[in-house]
Amino acid sequence: MASPVTRGHPRDWRVGVQAPDNGAQLRRRQIINERKPCSCPGCDRRRSGVSRYCGTHRDAASSRGDPLARLPSRNELAIFRHAIAVYLQTDAKLAERIEVDLRGLERRMAQPPAFCLTPADIHKGLPQIAKAKGLLANWQHCDKRTYTEAVSNALALIGWMEVYYDTGHARGLWENRKGFLTTRAGALLGDFRKSIGRTKLIKETSGATHRLLGRDFVHHAAAIYGKDFWSSPVSTNDGRSLTLRDYTRMALKAAGLL
């Protein structure tokens with residue numbers, strides 16, 4: 001795939017020029033692929049385009065990250081975020097180091113206000129990287145939110161995946177684990193919006209754009225908090241030793257969420 005043209009502001013970026021025979025090659029792949037059955041368990045429809053799924057499951061996998069997995073609930077993620085906060089309260093040095101790292105990351109990932117995009121800026125010729133940069137700029141300047149919030153949300157999602165997705169409670173397909181995680185992490189930033197008087201214009205953000213953002217959020221969460229954060233040892237009031245993941249699982253059960 002040709003690299004996008006990224007000169008000027010993201011609204012002026014364009015997808016790269018494809019090879020002359022790219023369309024013909026894609027069509028040949030499509031013809032062969034559409035003879036095969038959908039890879040989603042229990043589905044007897046044929047695949048669509050070059051996807052390994054039929055049209056219905058392809059669209060769900062593209063927008064959500066997985067055609068079958070249920071989405072995390074707000075209450076579930078709130079308990080994971082609370083567990084993060086409680087754990088950091090028990091280790092002042094770790095909390096201080098993480099705070100310093102997050103401040104540095106916030107500065108590095110700050111986008112210029114000019115990178116903001118409106119629904120009118122979104123079109124087929126705009127590359128995913130431009131949409132990702134624009135959506136992040138909107139998050140920081142229009143929504144007045146921080147990159148740290150997105151990283152913290154990604155860390156909570158990593159914990160959710162270990163408790164729900166990896167154990168089958170979310171009913172997701174294992175081969176889509178990474179895609180589901182990064183899509184949900186990026187989905188925090190929402191869609192492209194603009195208000196004109198009482199009218200709200202909304203341009204839905206694709207799953208591909210959310211995944212592009214989510215990969216960075218998940219990467220930075222693992223880099224700053226540690227890849228094994230949810231395996232960190234903790235102790236309960238009665239002296240039991242367990243991992244932070246198991247501690248959070250107990251809280252979810254107590255809340256009737258598991």
Side-chain angles (χ1 to χ4, degrees), residues 41 64-66 68-109 139 145-189 210-211 213-258:
R64 298 159 60 96
D66 184 275
L68 299 179
R70 72 166 181 85
L71 303 183
S73 73
R74 290 184 178 182
N75 289 341
E76 289 165 353
L77 290 180
I79 288 180
F80 281 95
R81 284 193 288 267
H82 179 70
I84 296 169
V86 170
Y87 179 74
L88 293 180
Q89 288 174 3
T90 67
D91 193 332
K93 287 186 177 180
L94 175 63
E96 183 179 0
R97 193 270 298 166
I98 288 175
E99 184 178 357
V100 171
D101 289 348
L102 287 173
R103 282 202 302 267
L105 181 64
E106 197 73 53
R107 289 192 296 270
R108 293 198 307 275
M109 302 306 296
W139 172 260
R145 307 287 289 274
T146 67
Y147 196 88
T148 295
E149 290 179 72
V151 172
S152 298
N153 180 69
L155 182 63
L157 279 167
I158 291 172
W160 185 92
M161 294 289 291
E162 293 181 8
V163 171
Y164 287 94
Y165 201 97
D166 295 356
T167 58
H169 286 87
R171 301 184 298 278
L173 301 175
W174 182 258
E175 60 265 28
N176 294 328
R177 186 188 190 282
K178 183 177 179 180
F180 185 78
L181 171 59
T182 53
T183 304
R184 300 328 308 161
L188 176 69
L189 275 59
H210 282 155
R211 278 188 288 281
L213 286 162
R215 282 198 288 269
D216 282 343
F217 300 154
V218 170
H219 167 74
H220 287 132
I224 289 177
Y225 289 88
K227 292 183 178 180
D228 298 321
F229 177 81
W230 290 102
S231 296
S232 301
V234 298
S235 298
T236 60
N237 292 332
D238 58 5
R240 282 190 295 166
S241 297
L242 60 164
T243 65
L244 181 58
R245 182 194 311 107
D246 290 335
Y247 170 83
T248 309
R249 185 181 281 114
M250 288 172 54
L252 290 164
K253 289 181 178 179
L257 297 173
L258 188 62

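Of all non-hydrogen atoms in L188 and E149, the two that sit nearest each other are CD2-O, 4.1 Å. Closest heavy-atom contact between A150 and L189: CB-CD1, 4.4 Å. Across S235 and S241, no two heavy atoms sit closer than the pair OG-OG, 4.0 Å. Across all their heavy atoms, L68 and P41 have their closest contact at CD1-CD, 4.1 Å. Summarising the geometry of G186 relative to L213, their closest heavy-atom pair is CA-CB, 4.3 Å, with the distance given to 0.1 Å. Minimum interatomic distance between T182 and R211 (heavy atoms only, all atoms of both residues): OG1-CG, 3.7 Å.
Between R177 and D166 there is a salt bridge, since at least one side-chain N of the basic residue sits less than 4.0 Å from a carboxylate O of the acidic one.
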Side chains of residues 243-258: which donor-acceptor pairs under 3.5 Å do they make with residues two or more places apart or in other chains?
unit_1: T243; atom_1: OG1; unit_2: D246; atom_2: N; d: 3.1
unit_1: T243; atom_1: OG1; unit_2: D246; atom_2: OD2; d: 3.2
unit_1: R245; atom_1: NE; unit_2: E162; atom_2: OE1; d: 2.7
unit_1: R245; atom_1: NH2; unit_2: E162; atom_2: OE1; d: 3.2
unit_1: R245; atom_1: NH2; unit_2: S231; atom_2: OG; d: 2.7
unit_1: D246; atom_1: OD1; unit_2: R249; atom_2: NH1; d: 2.5
unit_1: T248; atom_1: OG1; unit_2: L244; atom_2: O; d: 2.8

Taking only distance into account, with no hydrogens and no angle test, what donor-acceptor pairs under 3.5 Å do side-chain atoms of residues 217-225 form with protein atoms, sequence neighbours excluded?
unit_1: H220; atom_1: ND1; unit_2: Y147; atom_2: OH; d: 2.9
unit_1: H220; atom_1: ND1; unit_2: D216; atom_2: O; d: 3.0

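Distance check: R97 CZ to L102 CG gives 8.5 Å after rounding to the nearest 0.5 Å. Distance check, rounded to the nearest 0.5 Å: OG1 of T148 to CD1 of I98 gives 11.0 Å. Here CZ of R70 is found 9.0 Å from NE2 of H169. Values are rounded to the nearest 0.5 Å. Note that OG of S232 and CD1 of I84 are 10.5 Å apart. Values are rounded to the nearest 0.5 Å. Distance check, rounded to the nearest 0.5 Å: CH2 of W160 to CG of N153 gives 12.0 Å. Separation of atoms CG (L181) and CG (D66) is listed at 12.0 Å; rounding is to 0.5 Å.
When atom types are taken as modelled, the side chain of R81 and the backbone of A156 share no donor-acceptor pair closer than 3.5 angstrom. No donor-acceptor distance shorter than 3.5 angstrom exists from the side chain of Y165 to the backbone of R171, with no hydrogens or angles considered.
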Quick one, R64 with T183, criterion side-chain contact (heavy atoms from CB on, under 4.5 Å). Give me CA distance, side-chain angles, the key distance, then yes/no.
CA-CA 6 Å; R64 298 159 60 96; T183 304; 5.7 Å; no
Check your understanding: Does the side-chain contact (heavy atoms from CB on, under 4.5 Å) test come out yes or no for R103 and V100, once each step is laid out?
Key -> CA-CA 5 Å; R103 282 202 302 267; V100 171; 3.6 Å; yes
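D238 and T236 share a side-chain donor-acceptor pair at under 3.5 Å.
The number of heavy-atom neighbours closer than 6.0 Å to CD of E96, taken from other residues, nucleotides and ligands shown, is 12 or below.
When each of Y87, W230, F229 is paired with F80, the ring-ring contact (aromatic ring centres under 6.0 Å, His included) condition holds for W230 and for no other.
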